[in-house]
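Only heavy atoms go into these numbers, but all of them, side chains included; no hydrogens, no water, no symmetry mates. Predicted model only: the values in this text are computed from it and were never measured.
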Amino acid sequence: MGMKYKDKSYTVEERVDDLIGRMTLEEKIGQMMQISFISVSTEEAEEWITRRCAGSFLHALGDDAKRLQEIAMNTRLGIPLLFGIDAVRGHALHNGATIFPTQLGMACTWNPELVKKAGRVTAKEVAADGLHWTFSPILCLGRDLRWGRINETFGEDPHLTGVLAASIIQGYQGDSLSDPDSILACAKHYIAYGEGTGGRDAYDSQISMRKVREVFLPPFRKAVEAGCATFMSSYQSIDGTPVTANKRALRGLLKEELGYDGFVVTDWNNAGSLISNQHVAGDMETAAKKTIEAGNDMIMNTNEFYEAALRLVRNGIVPEELIDDAVRRILRIKFKLGLFDGRANSATVAGAYPGSGSAAHNAVGQDGSIIGCKEHLDTALEITRQSIVLLENRNNTLPLSGTEKKIAVIGPNADDIQSHFGDWTFLSHPEPKPDEAPILPVYTILSGIREFAEERGISTVYHKGCDIMDVEDEDISGAVECAADSDVVVAVVGDCLRQNGEYKDRADLSLSGSQQKLLETLKKCGKPLIVVLVSSKPLAMPWAAENADALLAAFNPGMFGGRAVAEIIFGEVNPCGKLPISFPYHSGQLPVYYNQLPGWHGGRYMDMPGRPLYSFGYGLSYNCYEYSGLRLSQTTCTADDTVTVYVDVTNAGPYDGMETVQLYVKDVISSVVTPVRQLKGFVKTEIRSGETKTVEFTLPVSELYIIDENEKQVVEPGEFEILVGPDSRPESLLKAVLTVL
Ligand code: BGC
C-alpha cells in the first residue's frame, strides 16, 4: 500500500502528484524522451528504458513494443511506455492492416461520419498491435501544391480541415481514452507548417501571427475542442522564429489562450534542428533551453537533449517546475489511457486485450486478429468510393454502356501498387520495404477494371506505355498498338513515390516523363479516352482536362482504389467526391486556392487564366443537381445570434446520388482585407432521382469573425453575402445578404 499512483481509486491528478513526488530529476527528463526504435540498437533501446526511464518510443510495432513494455514495467517505478506510430491512413506501416486513401483522398468524401469511422478502424487496429498513439491528423493546409506533403493534408481549406479533423480525432480517441480500443490522436504540425514559402518543406513561413490566427489556427482550435490528447510542434519557422522555440505560439497561444491541457511532442529532431538546420542555437544546451521554455513537453528523436536538460536544471538555468509541467502533462495522458491499470501489461498482437470481447472485436482478419478484418475493409471500400472525383464526363462517356468488347488499360500507374498506396505505408516510409508483398488484397486500377470486365464478358489488354519519370523507358507505340482495336482506353497517369513526401517538393507540376506524350498519342487512336489520375496531389494537366472524354481523380486511394474506380466506370456507383483542393493550369499560377484575397491588379497573370483549372469544392456525378430558393431565417442579426440558411436541391438526374451542398460567406466591407469567399458550412446528403430536398445550415454569427489588425477576433457590423451552391466558383453560387447590426 501507499503507492497511490498505482491505485485506481484516486483521481488522475492525485496519482500524477504522487508519482511525480517519487521521481528523480533523471526519471522526469527521461519521461520527456521519445526514442526512435528504428534508429537505435536493441541494447540502446533497452538502456533508454532501464537507465533513463524513457517515456516513449516511436515506430516500434507489435512484438517489439510488447518486449520493450515488459522491460519498462519492471523498472523502479514501473512507468509504462507510450508507443507512437504514423498510422495516418489506417495502421498502414503494418503489412496486413486496413489501408485507407491518404488524408487528401479522405477529404474528397466531404463526409465527416465516414472519416470518423476510418479513425475508429485505425484505432482498433493500432490498439490491437499494442500501440497507443497515432501521429495524426495532419492539419496543415495544402495551399502551395509544390509542397511534397500535400497528400497528407485534408486540402486547402481551414473549415473543411477543422471539421474532418474533429471527426477523425473522435474516431481515434473514442468515447473515452480509457477504452481499450481508443488511441491518442496528435494534431500536427502545429502551426502553419504547410505554408513554407515557395512550397518548401520545413522552410520559413513568411507570414504574420495575425495570418496564423486567421488562416492556420482554426483547425487546431477545433482539435483542442475535440479533446485531442497531443499536439506536434512543426519543423519550420514563422517569420524567422522556429516553432520549436516559439513561446508565443506554443506556451502562449496553444496552452494559455486555448487552454490546451494535453502534451506537445516535437517533430523529428526539432531540438537538434535548432542547431543544425535553423542555426538559432550553437549548442544543445541552448537548443534544449529554447525547446523547453517554448512549451514542448516530449522530445522526438533528439537523444542528446537528455544530458543537456539535466545540466540546465542542475545548474539552475531552467527551473524544475518547467520539467514538472511537461512530465505532468505526459503522465496525465498515460493515466487516462489506462496504462497503469492493465492496458500496458496485456497488450499483445492480435487484439487479445481485456475488454476485447465486444462485437466489433470479434470480427477476425486474415491472421485471426481484428487487424484487416472484413468490417474494417468494408469501411475502407466505402470511403474510397466516395473519395473518387469525376472531373470531366463529355457526352456522358461514363458510365460505360456495358456493350464494349475490349478495354485497353494503359499507363505507368495502371498497375503500380506503390503509387496506389502513396506515402506512409509499409512500402514507402519511414522504413521502406518496397519489395514486400501486401498480405491483404490490393486493387490497382488495372486489376479492378479487369475483374469487372471479366464478369461482363469484356476483354482487357494492358500496356504500361512509359515510366512516370524516366523518359528512356517509354514504349508509346507499343501502348498505342495495344489500344488500337479496343473500344475504350483507360489511361492511368500521375506521380510516384519519388515525387511525393518529405524532401520531395516539386517545382514543376506538369505530367512528368513521357506521360503527356502518351496521352496525346492515345487520343489520336480516336477511341473514347478516360484518364484516371493516381497522384499525391493535383497536377497541372490542362491538356487532359480539355481532351479527355472523362477524367477521374483518385489521388492515392489505398487498397481499394481500383475497385472503387471500376465501380464508377461500370456504373455501379454514382460518383460523389468533391475536390478539397484546387487544380492549377500551371505551376507558375500558384497559389490557386479559392479563398484568395481581393486587390490583385488584373486578378490574373497575363499569360494564364484567372481561375484554377478545377476549383475547390468541384466534382461531377452522373446526375445534375439544381439549386433554388436560398433563404435565411432572418436577414438582420446581432453577433450573438444563430441564423438558419435554407436551400432547395433537386436531383434532376436519372440516378439516386449524394450531393455536398456548400455554404460560403463573403464579408462585404471589413477593416482588414478578407477572402473573396470562405467556406463556413457543408452538408452531404442523399437525394433520390426526382426528389427535392431542403438543406439546412446552422450559422452562428460568431463564425463571421475576422482577425483585426490588433490580432483580435471580432465580428464587425455590416453586410455579409451568404453564398450556397455545389462548389466554390462564383457562377455556381446562389446569394442572399445578411446584415449584422
Ligand atoms: C514527420 C512527422 C512524423 C514524424 C515521425 C517527421 O519526419 O514530419 O509527420 O510524425 O516524422 O515519423
Side-chain angles (χ1 to χ4, degrees), residues 107 110 112 139 141 154-167 169-170 187 191 210-226 228 253 257-259 580 593-598 616-617 630-647 660-685 695-725 727-728 733-741:
W110 290 61
L139 306 187
L141 302 180
F154 281 132
E156 69 190 28
D157 179 65
H159 180 80
L160 179 62
T161 299
V163 172
L164 298 180
S167 303
I169 290 166
Q170 284 156 8
I191 188 171
R210 195 199 70 79
K211 182 65 79 187
V212 166
R213 287 176 182 272
E214 176 185 82
V215 180
F216 304 100
L217 186 61
F220 286 102
R221 186 191 289 126
K222 287 233 173 69
V224 173
E225 288 163 5
C228 189
L253 180 52
E257 198 177 314
L258 299 187
Y593 51 80
Y594 79 97
N595 45 356
Q596 299 275 321
L597 298 180
F616 175 81
L630 176 64
R631 53 207 185 272
L632 311 178
S633 57
Q634 57 196 95
T635 51
T636 55
C637 61
T638 69
D640 302 324
D641 288 345
T642 293
V643 174
T644 312
V645 179
Y646 307 90
V647 71
T660 300
V661 183
Q662 301 162 35
L663 181 148
Y664 297 84
V665 167
K666 176 179 166 39
D667 192 343
V668 178
I669 304 288
S670 44
S671 64
V672 292
V673 180
T674 51
V676 291
R677 281 174 291 293
Q678 177 56 55
L679 184 77
K680 289 289 178 184
F682 62 92
V683 173
K684 184 166 189 170
T685 183
V695 173
E696 210 176 297
F697 296 90
T698 305
L699 180 66
V701 179
S702 57
E703 275 296 306
L704 306 181
Y705 69 83
I706 62 155
I707 305 296
D708 73 10
E709 61 179 336
N710 301 314
E711 287 183 30
K712 291 277 163 296
Q713 184 169 319
V714 289
V715 177
E716 294 183 334
E719 287 188 351
F720 291 81
E721 291 178 0
I722 307 295
L723 306 154
V724 177
D727 58 61
S728 67
L733 298 164
L734 299 175
K735 182 170 97 181
V737 174
L738 177 68
T739 305
V740 178
L741 301 173

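For Glu225, there are no salt bridge (Lys or Arg N to Asp or Glu O under 4.0 Å) partners two or more places apart in sequence or in a different chain. For the side chain to side chain donor-acceptor pair (under 3.5 Å) test, no residue two or more places apart in sequence or in another chain qualifies with Thr739. For Leu734, the side-chain contact (heavy atoms from CB on, under 4.5 Å) partners at least two apart in sequence or on another chain are Tyr627, Leu630, Val647. Checked against salt bridge (Lys or Arg N to Asp or Glu O under 4.0 Å), Arg213 has the following partners two or more places apart in sequence or in another chain: Glu257, Glu711. Here Thr636 pairs with nothing under the side chain to side chain donor-acceptor pair (under 3.5 Å) rule; sequence neighbours left out. Listed by chain and residue number, Gln386 satisfy the side chain to side chain donor-acceptor pair (under 3.5 Å) test with Lys684 (two or more places apart in sequence, or in another chain). Residues meeting the side-chain contact (heavy atoms from CB on, under 4.5 Å) test with Arg631, sequence neighbours left out: Tyr646, Asp648, Thr694. In this structure, the side-chain contact (heavy atoms from CB on, under 4.5 Å) partners of Lys666, at least two apart in sequence or on a different chain, are Glu721, Leu723.
For CG of Leu597, the number of neighbouring non-hydrogen atoms (other residues, nucleotides, ligands) closer than 6.0 Å is greater than 12.
For Leu160 against Pro580, the heavy-atom pair with the smallest separation is CD2-CB, 3.7 Å. Nearest heavy-atom pair, Cys228 versus Ala187, reported as atom, atom and distance to 0.1 Å: SG-N, 3.5 Å. In plain terms, the two heavy atoms of Val724 and Phe697 that are nearest each other are CG1-CE1, 4.2 Å. Residues Pro219 and Phe216 come closest through the heavy atom pair CD-O, 3.5 Å.
The shortest distance between side-chain heavy atoms of Glu156 and Leu141 does not fall below 4.5 Å. A heavy-atom distance below 4.5 Å is not found between the side chains of Val737 and Val668.
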Start with the C-alpha distance between Phe220 and Leu258, add both sets of side-chain angles, then the distance that settles side chain to side chain contact (heavy atoms under 4.5 Å, CB included), and finish with yes or no.
CA-CA 10 Å; Phe220 286 102; Leu258 299 187; 5.7 Å; no
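The CG atom of Leu699 sits 9.0 Å away from atom CG of Leu632, with the distance rounded to the nearest 0.5 Å. For the atom pair CD (Gln662) and CG (Asp727), the distance works out to 6.5 Å, reported to the nearest 0.5 Å. With values rounded to the nearest 0.5 angstrom, Leu164 atom CG is found 9.0 Å from His159 atom NE2. Interatomic distance, Ile169 CD1 to Leu139 CG, rounded to the nearest 0.5 Å: 6.0 Å. In this structure, Leu704 CG and Phe720 CZ are separated by 5.0 Å, a value rounded to the nearest 0.5 Å.
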Side-chain donor-acceptor pairs under 3.5 Å in residues 670-682, sequence neighbours left out?
{"unit_1": "Ser670", "atom_1": "OG", "unit_2": "Val672", "atom_2": "O", "d": "2.8"}
{"unit_1": "Ser670", "atom_1": "OG", "unit_2": "Thr674", "atom_2": "OG1", "d": "2.9"}
{"unit_1": "Ser671", "atom_1": "OG", "unit_2": "Glu716", "atom_2": "OE2", "d": "2.5"}
{"unit_1": "Arg677", "atom_1": "NE", "unit_2": "Ser728", "atom_2": "O", "d": "2.8"}
{"unit_1": "Gln678", "atom_1": "OE1", "unit_2": "Asn595", "atom_2": "ND2", "d": "3.0"}
{"unit_1": "Gln678", "atom_1": "NE2", "unit_2": "Asp157", "atom_2": "OD1", "d": "2.9"}
{"unit_1": "Gln678", "atom_1": "NE2", "unit_2": "Tyr594", "atom_2": "OH", "d": "3.3"}
{"unit_1": "Lys680", "atom_1": "NZ", "unit_2": "Glu703", "atom_2": "O", "d": "2.7"}

List, one per line, each side-chain donor-acceptor pair under 3.5 Å for residues 637-645, sequence neighbours excluded.
{"unit_1": "Thr638", "atom_1": "OG1", "unit_2": "Asp640", "atom_2": "N", "d": "3.4"}
{"unit_1": "Thr638", "atom_1": "OG1", "unit_2": "Asp641", "atom_2": "OD1", "d": "3.4"}
{"unit_1": "Asp641", "atom_1": "OD2", "unit_2": "Gln634", "atom_2": "NE2", "d": "3.2"}
{"unit_1": "Asp641", "atom_1": "OD2", "unit_2": "Thr638", "atom_2": "N", "d": "3.0"}

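Remark: the backbone N or O of Lys712 is not paired with any side-chain donor or acceptor of Asn710 at under 3.5 angstrom.
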